Every structure is written in C-alpha cells, then in structure tokens.
Amino acid sequence: MEETILLGTSDAQLKIAAQALKEGKVVGIPTETVYGLAADATNEEAVRKVFAAKGRPGDNPLIVHLADFSQAEQYTSYIPPLAKKLAQAFCPGPLTMVMPKNDRIPMATSGGLDTVGIRVPSHPVMHRLLELSGLAIAAPSANRSGYPSPTTARHVMDDMTGKIFGVIDGGACEFGVESTVISFDSETVVRILRPGCVTRDMLLPYCEDVIIDKAILSEVAAGEKVASPGMKYKHYSPKANVVLVEGSAEALKKFLQDKGETSCYALLYAQQDDFPCKVITYGTDSSAQAHLVFQCLRELDDLGAGTVYVQAPSKEGVGLAVYNRLIRAAGFEVIRL
Ligand code: AMP
Ligand code: MG
C-alpha cells in the first residue's frame with residue numbers, strides 16, 4: 001500500500017503531479033465534470049494501474065483527455081469533419097467524441113475497442129496538468145467501480161487512499177456529472193452514448209439528427225452488444241438501496257404514510273413539512289441536481305441509510321443525465337405513484 005498524498009493547485013504542486021504521471025503513476029484530478037483518475041494514456045502499464053485501483057472491468061474504455069483538440073490527430077486515424085465543427089463549439093468542455101483510434105492508444109486504454117473517446121477539459125487545473133505533462137491523459141471517474149462518482153477531493157481520498165500516488169484538491173466540480181459521450185453514426189448524425197451537460201438540444205444545430213441511444217434509459221440485457229461498454233455494468237450505486245420514484249413529493253409522502261415506513265430516507269427536490277422519514281434535498285432545477293446528485297448518494301451512505309426513495313428528476317435537457325445516473329443507481333427499480 002502506498003501513501004496517497006494530497007496536492008494543492010500551485011504550479012509547484014502540479015509539477016509534482018505531472019512528473020508522477022510521466023513516471024507512470026496514477027493521480028486523482030479535478031475536472032469540470034467529476035474527479036478523474038489520471039494516467040498516461042499511451043503507457044499500458046500506467047493504464048492498468050487505473051483499472052486495478054478502480055476494480056474496473058478491462059473492457060470498459062477510458063476517455064483520453066487532451067490540452068487542445070488539434071492534438072486529436074496524434075491519437076486517431078480519422079476525425080469526422082463534424083467532430084471538428086463540434087470541437088469548435090464545445091471544446092474545451094464536457095463533450096467526449098468517440099473516433100477511430102491509432103496505434104498510440106493501447107488496447108488497454110480503449111478496453112479492446114478500435115475507437116477512442118477524446119475530450120478537452122475546461123477545468124484550469126486539469127488543463128495546466130495537461131500542458132505541464134505534455135501527455136494525453138486517460139482518466140475515468142475516480143470512484144471505486146460501481147460506486148457514485150466523486151465530485152470532491154475528499155470523495156477520491158475515501159475511495160483511493162493507499163491505491164494511488166496522490167490527489168489534487170481543486171475544490172468541488174462545477175457540473176457534477178460526467179461528460180456527454182457521443183459517437184458518429186454518419187457524417188451528419190451523432191448518437192449520444194452517455195448524456196451529460198452538453199445536451200441533445202445543444203448539439204442539434206450542428207447535426208442532421210442527434211439520436212439518444214436506447215441504453216441510456218433502459219436496462220441492457222445480459223450478453224447484449226452495446227455501443228458504450230459502461231452501460232452494461234452496475235453503476236453509480238451507493239451501499240444504500242435506491243428506489244426511483246416517478247411522482248410528486250406529496251405522492252411519496254402518502255405512499256410512505258400508508259406503508260408506515262419511517263426508517264428510510266427520501267432524496268427530494270426540496271424540504272417538505274411533516275415528511276414521514278428523514279429527507280435530504282438535491283435541488284429544484286436540473287443543473288443543481290447534476291451538481292449534487294453524487295454528493296447526496298455518498299452522503300446517504302455516510303448517514304447509514306438503508307433504503308432511499310429518490311424523487312425522479314426531469315428527463316429534459318441536463319435532467320436526462322441526472323435521470324440516467326439515478327436509474328442505474330437504483331438498479332432500474334422504479335415505482336410510479
Ligand atoms: P468514465 O471513465 O467512468 O467516465 O466512463 C467512461 C465511459 O465512456 C465508458 O464507460 C464508456 O461507456 C464511454 N466510452 C469511453 N470510450 C468509449 C469508446 N471508445 N466507445 C464507446 N464508449 C466509450
Ligand atoms: Mg465512471
């Protein structure tokens with residue numbers, strides 16, 4: 001077990017992190033989406049350490065982060081013209097584009113696929129680290145595989161202490177959910193493989209169509225082939241048993257009263273008077289909910305929650321990203337009231 005150091009965001013500290021990455025070590029890093037577990041994307045041995053630290057299945061690919069989209073040419077064999085247009089509009093930012101990879105990206109990084117997801121993060125600390133190291137940085141979310149993603153350095157420490165070189169504390173993440181992942185169905189049509197803060201409506205002006213992959217809202221059958229390998233695994237789940245509730249807080253209140261349930265928790269948009277069980281809240285609009293959803297799931301574990309009833313978010317705009325995470329956290333257990 002190695003000692004995991006907590007680093008600040010000064011240039012001197014980021015140089016320590018950059019050097020560690022160049023030596024094939026793994027560092028927890030802040031991004032504008034969630035915290036990531038960074039390693040040199042071209043170094044197979046370093047990448048394997050990331051999979052080991054997370055307990056991540058080897059066929060679940062890592063996203064490769066670049067300082068500038070122009071560097072994508074160095075790691076891909078083809079860049080669709082539409083990708084260049086989208087990069088102008090959304091890079092840097094929370095958009096990952098899946099493109100054919102070249103030999104500089106080892107199969108270990110791409111989970112055995114011949115494609116690679118490329119993203120240019122906007123977070124100033126991550127950007128500086130990319131600049132200082134000169135690397136393409138592979139970075140999945142910095143949680144133990146299957147557990148809610150980390151949005152603070154403390155969350156990363158909770159999951160990764162003793163397993164990685166260090167964690168850079170860059171404060172809480174701005175968006176709170178992972179990037180939107182898209183692939184290209186054709187030269188003009190894109191497919192959302194994972195919803196995030198770059199929404200379908202934001203992409204539509206640049207495309208003939210934007211397809212929302214069916215795996216985003218429904219369970220993948222065992223053995224079914226999926227466009228995005230992450231979709232087939234248990235994901236975002238706290239220890240608590242999460243139940244997604246389609247209905248109002250009022251309806252949930254009545255449901256719990258009728259059942260006589262008082263020992264559970266409820267995760268609601270806002271506090272309610274005289275609710276039958278303990279309540280924590282995750283906000284009334286989709287951006288606030290995205291920002292808080294993982295933090296709340298982790299907090300519920302800290303509170304020792306057994307069962308948590310979650311007031312389902314809207315599926316509109318950024319809400320789709322929040323819904324996608326919560327329905328997986330709930331293992332697709334949904335009640336409609
Ligand atoms: P995470 O690293 O935890 O943010 O998860 C990244 C997710 O992005 C993976 O689970 C995949 O679902 C998706 N992804 C990354 N690279 C690819 C790729 N080459 N093809 C399809 N999906 C990808
Ligand atoms: Mg993840």
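It should be emphasised that the depicted structure is a prediction, and the values quoted were computed from it without experimental measurement. Both counts, for ligands and for their atoms, begin at 1 and track the order of listing.
- The shell of residues lying under 4.0 angstrom from ligand 1, judged by heavy atoms, excludes Lys101.
- Here is the list of ligand 1 atoms found below 4.0 Å of a heavy atom in Thr115: 18 (C), 19 (N), 20 (N).
- Judged purely by distance below 3.5 Å, without hydrogens or angles, the side chains of Glu178 and Thr33 never pair a donor atom with an acceptor atom.
- Using modelled atom types and a 3.5 Å distance limit, the side chains of Glu299 and Gln295 yield no donor-acceptor pair.
- Salt bridge absent: Glu250 and Lys254 never bring a charged side-chain N and a carboxylate O closer than 4.0 Å.
- Contacts of Ser149 with ligand 1, taken as heavy-atom pairs under 4.0 Å, are absent altogether.
- Of all protein heavy atoms, the one closest to atom 11 (C) of ligand 1 is Ser228 OG, 3.3 Å.
- Across all their heavy atoms, Val120 and Phe69 have their closest contact at CG2-N, 3.6 Å.
- Nearest protein heavy-atom contact of atom 3 (O) of ligand 1 is Ser141 OG, 3.0 Å.
- Taking a cut-off of under 4.0 Å to the non-hydrogen atoms of Leu113, the atoms of ligand 1 that pass are 18 (C), 19 (N), 20 (N).
- The Arg194 neighbourhood of ligand 1 comprises atoms 1 (P), 4 (O), 5 (O), 6 (C), 7 (C), with distances under 4.0 Å to a heavy atom of that residue.
- Nearest residue to atom 10 (O) of ligand 1 from Asn60, Val181, Ile118 is Asn60 (criterion: closest heavy atom).
- Of all the heavy atoms of Met97, none lies under 4.0 Å from any atom of ligand 1, so neither backbone nor side chain is involved.
- A salt bridge links Glu32 with Arg119: at least one charged nitrogen is closer than 4.0 Å to a carboxylate oxygen.
- With hydrogens left out, the protein atom closest to atom 14 (N) of ligand 1 is Pro61 CG, 3.8 Å, a heavy atom.
- In this structure, Glu131 places its CD atom where more than 12 heavy-atom neighbours from other residues, nucleotides or ligands lie under 6.0 Å away.
- Between the side chains of Asp68 and Ser70, a donor-acceptor pair is found at a separation under 3.5 Å.
- Atom CD of Glu316 has 12 or fewer heavy atoms from other residues, nucleotides or ligands within 6.0 Å.
- The closest side-chain donor-acceptor pair between Tyr269 and Asp285, if any, does not fall under 3.5 angstrom.
- Residue Gly111 places no heavy atom under 4.0 Å from ligand 1.
- For the Mg ion (ligand 2), the set of nearby N, O or S atoms under 2.8 Å includes none belonging to Ser149.
- Protein heavy atom at the shortest distance from atom 21 (C) of ligand 1 is Ala227 O, 3.3 Å.
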